[in-house]
Amino acid sequence: MSDVFEKVMDLAKRRGFIWPTSECYGAVAGFIDYGPLGAMMKRRVENIWRDFYVIQEGYYEIECPTIAQESVFIASGHVKGFSDKMCQCPHCKEFLRADHVAEAGGVKNPSIMKNEDLAAAIASCKCMACEEELGTVEVFNFNLMFQTTIGPGSQRVGYLRPETAQGMFVDFARLLRFYRDKLPFGAIQIGKSYRNEISPRQGMIRLREFTQAEAEIFVHPDEKNCHPSFRRYADYTMPLLTYVQQEKCEEAVPMSMREAVDKGVIANEYLAYYVALTHQLLVTIGIKPERLRFRQHLPDERAHYATDCWDAEIRSDRFGWVETVGLADRTDYDLNAHAKESGTPMTVFIQYDEPKKVARRRIIPNMSVLGKQYRTKAKAIFEALAVASPTADGADVEVDGETIHIPADLFEVRDEIIDVRGEEIVPHVIEPSYGIDRMCYAVLEGAYDEDVADGESRTVMRFSPNVAPIQVAVFPLMTRDGLEEIADTITRSLHKAGILAEYDDSGAIGRRYRRQDEIGTPFAITVDYDTKEDRTVTLRDRDSMKQVRIAIDKVPATVCALVDGSQKFAELE
RNA sequence: GCAUCGAUGGUCUAGUGGUAUGACUUAAGCCUUCCAAGCUUAUAGCCCGGGUUCAAUUCCCGGUCGAUGCACCA
């Protein structure tokens, strides 16, 4: 049985969208090549993404290496948390999650056990695949990160990044300076990430190397409900599938963002804003709204750092609802983790409107006496005194396990009122994270269509004009009488206007239209004999197959307007 | 990774222990005044490695890739 997935992937392979990688050596699962049209389409999708995040939101793009040193991923938790404890069944050779086997066998807290202990604990458990008792097995960590070494001698461990996000976190201090020490600000990155999936399947849905587009938006934790442009999307309405509804097996309910925030369905304005923006972005690249929903993570499904998390899911005929975008409130988890691991503070100084008067007690020791009296212990006493709670007759401080009484005349207690001008806070991070490859797949699957034209079946990719790899085709009706020259001139005028136009004069005109239909070229210009009389050409619409005549001079501007969506073909009729 | 099934020009396919059929596509030419028309010609293929055999695309074993189920994963 041939479903849309098979048809669309077959077309993608044939027409140069997606290829298995390094086919001449035998492809490798989990890796794909984007062919000429696929790479073009992917770039258009990425550029639409940039239109939203860089131009509309003003978050600049940065570009970090795909390899980072181990410390980065120790801090992020990926070295520890991104690996699974696995074992192999000695009977059926099946690889199993050791902690899952343990849980099924009634072992408590397997996730915190050491590998050796876990191996011992599951010896009497049964294999989930063949039901045999496991016996002696080795438990090992399988980390989903690709490991490598940096430099000669295999001295330094490096990993291929499993997400682009960490680059924005480790650059936090630089970014903060760039944005002149003010919240909120954001940074984005589009790039490759790598996960050594145990068993990649499903074509381009789960890849070992994939392209992510992520935004990290740094915001004051108290201002998550004060998005400065929230009004833009306050009335934006879309179906939301909350975790409560999921538990009751109910359907998604349409709701405006204002309502979702007010009812506490979405945790805050920032998250709601990017939920709406994501919906708009996906519709812009041609995803049909009826194939789109936003699903909230169940509480036990959330990553350890996230408080609220929503996935944009796109319905695929083959794969069902596919998670394509993740929108998470990562709180201050990442910045705290990197601050601790690196020793670099990752805070923002927030100045108060008015300095606050704060009462503070300072203990000022008389060091000239203390120093002489206590010699080598004096420094420790000095530090201990600063946090001591003195009474009228002095203070007891503990130094090296010894309690020393410091008489009251050896220090001065000064209670003072000082001005506090602000505070250091750790920003929270709102993270929209897009799987570009999955978006591209959704665009391909959603565009695929077969219809009947003049009694013949026609395969047509109904791409939105803004993502179609080739934007317009130019044909001379006949390859003679100077029609080719006119068509060639028009092609070049389109190139000059930044339009990717393809000239084609091979074969019958109908065949040329069908060829372009199959790769989703939205418009075609045909030069015919009338062109020589009145300097007009026909402009043909891929979806309706209708034609209008327009003047040659207006071709570039008209095609530009049609491609960017500011004009509809129907308006020209 | 396990199990089952599969793999023949770019695509779909026929067939075989003795190098392969047909169609579509593509290219060149002829023809052609708007939706895969026609004619001529050309290009192009048995997934990889090993074994059995005089000879393997075909039979056997192993692998790769793909589909499905399990497991895993988002």
Side-chain angles (χ1 to χ4, degrees), chain A residues 1-3 5-7 9-11 13-16 19-31 35 82 84-89 91-101 104 127-131 142 144 162-163 193 195-203 205-208 210 212 295 297 301 303 309 311 313 318-319 321-326 433 435 438 451-460 475-481 483 506-518 524-532 537-542 544-547 549:
Chain A
M1 202 186 74
S2 180
D3 64 8
F5 170 79
E6 276 170 39
K7 286 177 175 176
M9 290 318 280
D10 175 61
L11 185 149
K13 231 188 280 180
R14 250 182 319 111
R15 302 310 304 267
W19 292 324
T21 192
S22 58
E23 243 183 322
C24 65
Y25 289 105
V28 186
F31 297 93
F82 214 56
D84 296 324
K85 290 186 191 301
M86 299 196 71
C87 63
Q88 189 176 21
C89 171
H91 312 290
C92 67
K93 307 295 177 199
E94 176 86 343
F95 281 97
L96 305 160
R97 280 280 296 267
D99 50 339
H100 288 192
V101 173
C127 168
M128 289 141 130
C130 68
E131 305 280 316
F142 178 79
L144 256 37
E163 58 176 13
S193 292
R195 294 180 191 177
N196 200 1
E197 298 287 354
I198 296 166
S199 139
R201 286 266 185 101
Q202 309 170 328
I205 299 292
R206 191 182 316 151
L207 295 168
R208 288 180 165 134
F210 54 102
Q212 280 188 308
R295 189 182 70 83
H297 277 204
E301 186 184 10
C309 190
D311 284 342
E313 297 183 327
R318 165 66 74 96
F319 305 113
W321 289 102
V322 177
E323 174 208 330
T324 305
V325 183
S433 169
R438 289 181 175 189
D451 65 4
V452 176
D454 296 329
E456 295 247 25
S457 81
R458 171 176 86 130
T459 301
V460 51
F475 308 140
L477 186 60
M478 295 293 144
T479 324
R480 62 181 190 210
D481 302 325
L483 299 184
S506 134
I509 188 78
R511 179 187 295 278
R512 283 179 265 162
Y513 284 136
R514 296 303 167 81
R515 241 185 235 144
Q516 295 297 333
D517 288 342
E518 203 182 21
I525 303 281
T526 301
V527 174
D528 58 19
Y529 285 91
D530 290 348
T531 307
K532 296 178 80 173
V537 291
T538 63
L539 172 64
R540 180 247 195 196
D541 176 53
R542 174 197 66 202
S544 64
M545 296 171 68
K546 286 181 181 164
Q547 290 178 307
R549 288 203 82 85

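The main-chain N or O of A/Glu313 is never found under 3.5 Å from a side-chain atom of A/Trp321 such that the two would form a donor-acceptor pair. Put simply, the side chain of A/Thr531 never gets that close to the backbone of A/Tyr529: no donor and acceptor are under 3.5 Å apart. Side chain of A/Lys532 to main chain of A/Val527: no donor-acceptor pair is present (N/O by atom type, distance under 3.5 Å, no hydrogens or angles).
For A/Ser433, the side-chain contact (heavy atoms from CB on, under 4.5 Å) test picks out A/Gln212, A/Glu214, A/Glu431, with sequence neighbours left out. Partners of A/Ser457 by side-chain hydrogen bond (donor to acceptor under 3.5 Å, both in side chains), not counting sequence neighbours: none found. Listed by chain and number, the residues in a salt bridge (charged side-chain N to carboxylate O under 4.0 Å, His left out) with A/Asp528 are A/Arg549 (sequence neighbours excluded). With sequence neighbours excluded, the residues that form a side-chain contact (heavy atoms from CB on, under 4.5 Å) with A/Met545 are A/Ala453, A/Arg458, A/Arg514, A/Arg540. A/Glu518 meets the salt bridge (charged side-chain N to carboxylate O under 4.0 Å, His left out) test with A/Arg14, A/Arg15; sequence neighbours excluded. Looking at residues two or more places apart in sequence or on another chain, you find a side-chain contact (heavy atoms from CB on, under 4.5 Å) between A/Glu197 and A/Arg195, A/Pro200, A/Arg206, A/Arg208. A search for salt bridge (charged side-chain N to carboxylate O under 4.0 Å, His left out) contacts involving A/Arg542 returns nothing, not counting sequence neighbours. Listed by chain and residue number, A/Glu573 satisfy the salt bridge (charged side-chain N to carboxylate O under 4.0 Å, His left out) test with A/Lys546 (two or more places apart in sequence, or in another chain).
Comparing the P positions of B/rA20 and B/rU26 gives an interatomic distance of 26 Å, to the nearest angstrom. Here, B/rC12 and B/rA67 have their P atoms 14 Å apart, quoted to the whole Å. Comparing the P positions of B/rU11 and B/rC47 gives a spacing of 12 Å, expressed to the nearest Å. The same atom, C1', is picked in B/rA14 and in B/rG1; the two are 37 Å apart, to the nearest Å. Rounded to a whole angstrom, the distance from the C1' atom of B/rC59 to that of B/rU52 is 8 Å. With both ends at atom P, the span from B/rU4 to B/rG63 equals 12 Å, rounded to whole Å. For the C1' atoms, the distance from B/rU19 to B/rA56 is 11 Å, rounded to whole Å. Between B/rC54 and B/rC48, the distance separating the two P atoms is 24 Å to the nearest Å.
Secondary-structure stems of RNA chain B, taken as three or more successive Watson-Crick or G-U wobble pairs (i with j, i+1 with j-1) under a 3.5 Å distance threshold, comprise B:1-7 with B:64-70, B:10-12 with B:22-24, B:26-30 with B:38-42, B:47-51 with B:59-63.
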Q | Evaluation steps, side chain to side chain contact (heavy atoms under 4.5 Å, CB included), between A/Leu11 and A/Thr459 | A | CA-CA 9 Å; A/Leu11 185 149; A/Thr459 301; 3.6 Å; yes

Q: Check the pair A/Ser506 / A/Arg515 against side chain to side chain contact (heavy atoms under 4.5 Å, CB included), numbers first and verdict last.
A: CA-CA 11 Å; A/Ser506 134; A/Arg515 241 185 235 144; 3.6 Å; yes

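A/Glu197 comes within 4.0 angstrom of sugar-phosphate atoms only, judged by non-hydrogen atoms across all strands, and of no base.
Listed pair A/Ser506 / B/rU26 fails the phosphate criterion, with no side-chain N or O lying under 4.0 Å from OP1 or OP2.
If you take CG of A/Leu144 and P of B/rA74, they are 7 Å apart, rounded to a whole angstrom.
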Please list, for nucleotides 6-11 of chain B, all pairs of protein and nucleotide N/O atoms separated by less than 3.5 Å.
none

Contacts under 3.5 Å, N or O only, protein and nucleotides 65-68 of chain B:
| residue | atom | partner | partner atom | Å |
| --- | --- | --- | --- | --- |
| B/rC65 | OP1 | A/Ala29 | N | 3.4 |
| B/rA67 | O3' | A/Arg318 | NH1 | 3.3 |
| B/rU68 | OP1 | A/Arg318 | NH1 | 2.6 |
| B/rU68 | O4 | A/Arg201 | NH2 | 3.1 |

Q. Nucleotide by nucleotide, 5' to 3', does protein get under 4.0 Å of the base (B), only the sugar-phosphate (S), or neither (-) in nucleotides 30-36 of chain B, counting heavy atoms?
A. --BBBBB

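Regarding the sugar-base torsion, B/rU53 falls in the anti class, its angle being beyond 90° of 0.
Annotation: side chain of A/Phe31 is not in contact with side chain of A/Leu207 (no heavy-atom distance under 4.5 Å).
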